[in-house]
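These notes are about the structure you will find just below.
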Amino acid sequence: AEAISSGFVVYEDWHEGAKANYDYAKDQQKASHMYKVQYPASEHAMKFHGDETRWMSFMDVDEYPFQPLDMEPGFMARFLVHDEQRQADA
């Protein structure tokens, strides 16, 4: 909650789109969740917030960054700096 209130994280509620894509009578999705919910949510984030940051991440609640060779706090920042330098050398 602090990350959201501080503005570090932007929370966008997409549950209405997910609900609209589900046929509750048949207990199944109407179309691919990826195309009807995840892609539009990603496109919205890039359109409205893409110019606010150099890095943007899209994760479901069951996905998270993990680096078993670097278990110290701040590993993601170190990874991004290293990856950015690697990309510049390519």
Side-chain angles (χ1 to χ4, degrees):
E2 184 179 322
I4 294 171
S5 64
S6 73
F8 182 73
V9 171
V10 175
Y11 175 78
E12 297 280 354
D13 186 346
W14 281 91
H15 84 278
E16 289 298 330
K19 274 185 8 185
N21 188 43
Y22 200 81
D23 186 333
Y24 290 91
K26 295 180 181 177
D27 195 25
Q28 67 184 18
Q29 290 182 9
K30 296 176 184 176
S32 167
H33 183 76
M34 180 128 355
Y35 293 107
K36 289 292 188 176
V37 180
Q38 289 181 319
Y39 287 165
S42 300
E43 289 171 354
H44 173 87
M46 289 185 284
K47 179 179 179 181
F48 290 98
H49 303 288
D51 62 345
E52 298 171 15
T53 184
R54 283 181 27 214
W55 297 97
M56 188 177 290
S57 178
F58 302 96
M59 290 180 263
D60 291 336
V61 295
D62 63 338
E63 298 169 345
Y64 50 89
F66 176 68
Q67 172 49 272
L69 301 177
D70 185 350
M71 302 290 279
E72 298 300 316
F75 84 88
M76 191 64 157
R78 286 189 297 280
F79 169 79
L80 293 173
V81 167
H82 172 75
D83 190 60
E84 195 171 65
Q85 290 169 348
R86 186 177 59 81
Q87 294 291 334
D89 293 339

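Basis for what follows: all heavy atoms, side chains included, without hydrogens, waters or symmetry-related copies. Model, not experiment: these values are computed from the prediction.
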Partners meeting side chain to side chain contact (heavy atoms under 4.5 Å, CB included) with [X] (sequence neighbours left out):
{"X": "Q38", "value": "H33, M34, D60"}
{"X": "K26", "value": "D23, Q28"}
{"X": "D51", "value": "none"}
{"X": "V81", "value": "Q85"}

Side-chain polar contacts of residues 4-12 - donor-acceptor pairs under 3.5 angstrom, sequence neighbours left out - could you list them?
from: S5; atom 1: OG; to: A1; atom 2: O; distance (Å): 3.3
from: S5; atom 1: OG; to: E2; atom 2: O; distance (Å): 3.1
from: S6; atom 1: OG; to: E2; atom 2: O; distance (Å): 3.1
from: S6; atom 1: OG; to: A3; atom 2: O; distance (Å): 3.1
from: S6; atom 1: OG; to: F8; atom 2: N; distance (Å): 3.3
from: E12; atom 1: OE2; to: H49; atom 2: NE2; distance (Å): 3.3

- Query: Going by the salt bridge (Lys or Arg N to Asp or Glu O under 4.0 Å) test, which pairs reach into residues 71-80, not counting sequence neighbours?
  - Reply: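 Salt bridge (Lys or Arg N to Asp or Glu O under 4.0 Å) check on residues 71-80 returns D70-R78.
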- Task: Considering only Ile, Leu, Val, Met, Phe, Trp and Tyr, and joining two whenever side-chain heavy atoms are under 4.5 Å apart, list the other residues clustered with Y24.
- Result: Y22
- Note on the structure: Sorted by chain and number, sequence neighbours left out, ring pair (Phe, Tyr, Trp, His ring centres under 6.0 Å) with F48 holds for H44
